[in-house]
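Read the structure below first, then the notes.
Chain letters run A, B, ... following the sequence lines, proteins first and then strands; every chain starts at 1.
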Amino acid sequence: MTDSQVTTTLPPQYRPDGVETPRYHQWLADGPFHARRDTENAPYVIMMPPPNVTAVLHMGQGLNNALQDVLIRFERMRGREALWLPGTDHAGIATQNVVERLLATEGLTRFDLGREAFVERVWAYVRETGQTILDQLKAIGASCDWDRTRFTLDPDYSRAVRHTFVTLWEEGLVYRGHRVIHWCPRCVTALSDEEAEFHDADGKLYQIDYPVVGQPGRSITVATTRPETMLGDTAIAVHPDHERTAWAIGARVRLPLTDIELPVVADHAVDPEFGTGFVKVTPAHDATDFEIGERHDLPMPLIMDPEGRMHDPGDSAGTRVPADLVGVDRDAARKLILERLRAEGLLGKTEPHRHAVRRCYRCGTVVEPRLSEQWFVRMEPLARPALEAYRAGRLTFVPERWGGVYENWLEGIRDWNISRQLWWGHRIPVFHCEACGEEWADREDPAACRACGGTALTQDPDVLDTWFSSWLWPFATLGWPDETPDLAYFYPGHTLVTASEIIFFWVARMVMAGYHFLGERPFETVCINGTVRDTEHRKMSKSLGNGIDPLAVVDSFGADALRFTVIAGAAVGTDVIMDPDDLEATFAPGRNFCNKLWNVGRFVLTNLEETDGEGRSRTVDDGPGRGGTGEEGEEALADAWILSRLEATTAEVTDAMERFRLNDATNAAYRFVWSELADWYLEAAKPRLRGDAPGGARAREVLRLALERALCLLHPVVPFITETLWQRLPGREGESLVTAPW
RNA sequence: GGGCGAAUAGCUCAGCUGGUUCAGAGCGCCUGCCUUACACGCAGGAAGUCGGGGGUUCGAGUCCCUCUUCGCCCACCA
């Protein structure tokens with residue numbers, strides 16, 4: 001076969017389109033991604049962070065999943081039974097919001113449909129879109145065990161969630177509490193502390209005068225950033241030991257705009273140095289004030305409805321919210337109240353005030369602290385083993401510094417509000433008997449009251465926080481609470497690759513759940529990958545329009561080019577900067593390298609095919625050391641050199657992989673292929689490859705060996721092109737690199 | 001208010017345990033080349049007082065202190 005013939009088979013430019021998709025389908029058909037339970041062999045397990053069921057792949061997930069795929073493919077080639085378990089998360093609030101927005105375009109709300117119909121509607125939507133992101137993962141080459149794909153609302157998974165709740169209930173770790181929680185008036189649900197994110201905001205600090213009862217002309221001035229909550233005040237507080245405000249303790253003031261009288265109480269929570277030293281106390285709309293209220297046994301009227309509109313609580317002391325303010329949104333109410341205070345001469349000075357405001361992590365609405373009855377998990381007992389495990393080195397973070405973040409959070413752990421006033425999610429399995437008032441959590445839907453046998457039962461209307469199901473991911477996906485063979489073999493897992501944003505939401509809670517329910521850590525290493533940003537270092541996001549669609553990159557440059565660029569560019573723990581306006585420049589390194597590898601392959605294959613119709617490179621010993629001339633000595637040196645570089649590169653790549661320095665591993669293989677094999681050895685070998693030049697067989701042997709090893713080392717990073725070349729190697733037809741020995 | 005990270009070539013970044021991979025890579029730029037694997041390429045080249053200042057050391061991008069500028073996380077001063 002001549003050069004030109006080969007050239008017609010393998011085009012000089014690597015074109016991934018038309019190659020990658022069939023290749024992936026072949027893998028799916030052959031099944032090498034499916035993990036078997038081979039008790040003779042050690043497993044290696046990565047649980048994929050399940051993307052939101054309605055999501056489309058973004059570059060951050062492209063990076064995250066490319067990293068996971070490199071690790072899983074590496075360990076698979078090293079012979080371990082590698083399980084990468086994929087799946088999706090029902091993502092309570094996020095998914096419900098998406099469907100509610102769709103309904104809104106039809107002029108409907110979820111209440112128009114009713115609970116059952118709405119949930120059915122969400123299911124219909126999810127059934128339609130749920131597969132999208134998993135298909136996109138296939139497009140980037142993810143070697144997941146698709147046979148084990150899970151969804152957090154699967155029947156088995158739901159059973160695990162319910163079992164968890166009931167178990168915690170039985171252990172006394174789940175309880176119902178009446179307290180001020182973060183409330184999103186747009187999503188109309190409670191949020192956990194973690195779901196209410198801090199954002200700096202330029203606000204104003206308003207001073208308001210509260211006339212002192214019985215002392216005409218005298219008033220107490222308070223400072224507040226949220227004047228609209230004043231109507232919910234039930235006291236004024238001062239620091240107990242501060243002389244400037246001491247006179248007021250025990251006095252009574254009139255709540256402006258009302259006829260209600262408030263006491264002045266002394267409480268240590270007050271910072272006498274801030275503002276005026278007098279604090280208005282609104283127990284139902286502020287967590288600190290709630291605690292003051294509890295200590296002083298104050299009334300706790302709610303002055304807003306769940307959607308953040310003013311609402312009169314019907315206080316026995318009198319009207320709190322003037323009739324014309326009822327139903328007014330809290331923002332509008334603020335303006336009206338300020339106007340009215342100004343008109344009455346009770347509004348003091350107003351100064352700019354920069355402070356942190358909590359916003360709903362799903363919709364960005366400013367969170368309203370709200371007194372409410374919710375379900376909580378007592379976290380301290382769960383946190384202790386998770387903390388100890390980290391301190392004892394049984395759980396490590398890469399880079400290490402994230403361990404400090406994890407530790408810090410666990411040290412200051414607070415109880416977890418797990419109930420959400422939503423319809424999409426796992427319904428809280430608590431039942432209430434109308435007849436005798438018995439209330440209990442149950443693993444099965446009860447037909448009758450467990451105490452009196454009455455059949456008039458109601459179930460708690462709320463659902464559980466999405467993360468209350470996600471935290472079971474490492475084992476609920478394997479069949480827990482049943483003691484399945486999968487659970488026995490694949491748990492505990494090994495590596496978790498995820499983003500720093502969800503260390504609290506997800507990582508720490510998985511560790512807690514792992515220890516609490518199985519007595520064992522869910523994974524040993526947590527790799528925190530960087531954030532994908534644009535050239536101005538802004539996080540890529542839909543709203544900024546600075547995102548890069550991974551699938552568009554796959555279409556233009558191929559999955560391998562995407563993977564290579566992203567992996568080689570992602571130094572451990574640092575952010576990845578990409579230019580959404582210049583995809584050509586951004587992905588050129590990956591594309592160029594694939595093309596280089598392709599051409600090295602073409603060159604080697606051409607030479608192998610030229611000399612040996614059988615397909616195997618000749619092993620005839622006409623190699624170095626035979627003649628002993630100076631020229632042959634140089635050739636032998638060249639052979640020995642590239643082979644030694646091969647050894648060194650293999651060691652370097654392996655070591656870097658083991659230390660999760662995937663960029664170093666990738667770049668080491670890159671340097672070997674480009675600078676050493678292509679630029680140097682290939683050129684050095686060319687004279688021997690012409691016609692019947694002496695030493696030709698040996699050179700071909702070395703070339704083949706070098707190419708084969710390079711393909712192995714690069715397969716985890718660029719699986720498509722390496723597999724394609726591998727199967728063109730004489731004698732390798734039909735063999736797969738996926739399970740080739742490392 | 002606490003904590004963490006970053007600052008190295010025009011751009012994006014490596015540089016791990018101070019010292020022969022220490023001043024590097026890719027992209028861009030300049031000069032030659034369609035040399036029969038690759039112009040998504042080859043050969044060569046220009047380009048950086050390693051953010052400022054101080055210190056430790058025989059020796060400092062590398063360790064310490066400090067300042068500046070960005071970024072992130074945590075936090076119940078209304």
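A/N599 has no side-chain polar atom (N or O) that falls below the 4.0 Å cut-off from OP1 or OP2 of B/C40. In terms of phosphate contacts, A/W680 brings no side-chain nitrogen or oxygen within less than 4.0 Å of OP1 or OP2 of B/C42. Listed pair A/N592 / B/A39 fails the phosphate criterion, with no side-chain N or O lying under 4.0 Å from OP1 or OP2. Taking 4.0 angstrom as the limit, A/K596 places a side-chain polar atom (N or O) nearer than this to OP1 or OP2 of B/C42. In terms of phosphate contacts, A/Q13 brings no side-chain nitrogen or oxygen within less than 4.0 Å of OP1 or OP2 of B/C38. For B/A75, one of the phosphate oxygens OP1 or OP2 lies less than 4.0 angstrom from a side-chain nitrogen or oxygen of A/R414.
Across all strands shown, B/G10 is found opposite B/C27 as a Watson-Crick or G-U wobble partner, with both distances under 3.5 Å. Across all strands shown, B/C50 remains unpaired; no Watson-Crick or G-U wobble contact has both distances below 3.5 Å.
Taking the side chain of A/F198 as heavy atoms from C-beta on, and the options B/C76, B/C16, B/A78, the nearest nucleotide is B/C76.
Using a 4.0 Å heavy-atom cutoff across all strands shown, A/Y206 reaches no nucleic acid atom at all.
Residue A/R354 contributes atom CZ, which lies 16 Å from atom C1' of B/A75 at whole-angstrom precision. Rounding to whole angstrom units, CG of residue A/D679 and P of B/C40 are separated by 16 Å. Atom CD1 in A/I292 sits about 13 Å away from atom P in B/A78, given to the nearest Å. Distance A/L583 CG to B/G26 P: 21 Å, rounded to the nearest Å. For A/E407 and B/G3, the CD to P distance is 15 Å, given to the nearest whole Å. Here the C1' atom of nucleotide B/C73 and the CD1 atom of A/I503 are 9 Å apart, to the nearest Å. Taking atom CD1 of residue A/I567 and atom C1' of nucleotide B/A14, one finds them 17 Å apart after rounding to whole Å.
Note that CG of A/L338 is 6.0 Å distant from CG of A/L347, once rounded to the nearest 0.5 Å.
For A/R295, the CZ atom sits in a packed shell: over 12 heavy atoms of surrounding residues, nucleotides or ligands are nearer than 6.0 Å.
A salt bridge between A/R414 and A/E380 is absent, with no side-chain N of the basic residue lying under 4.0 Å from a carboxylate O of the acidic one.
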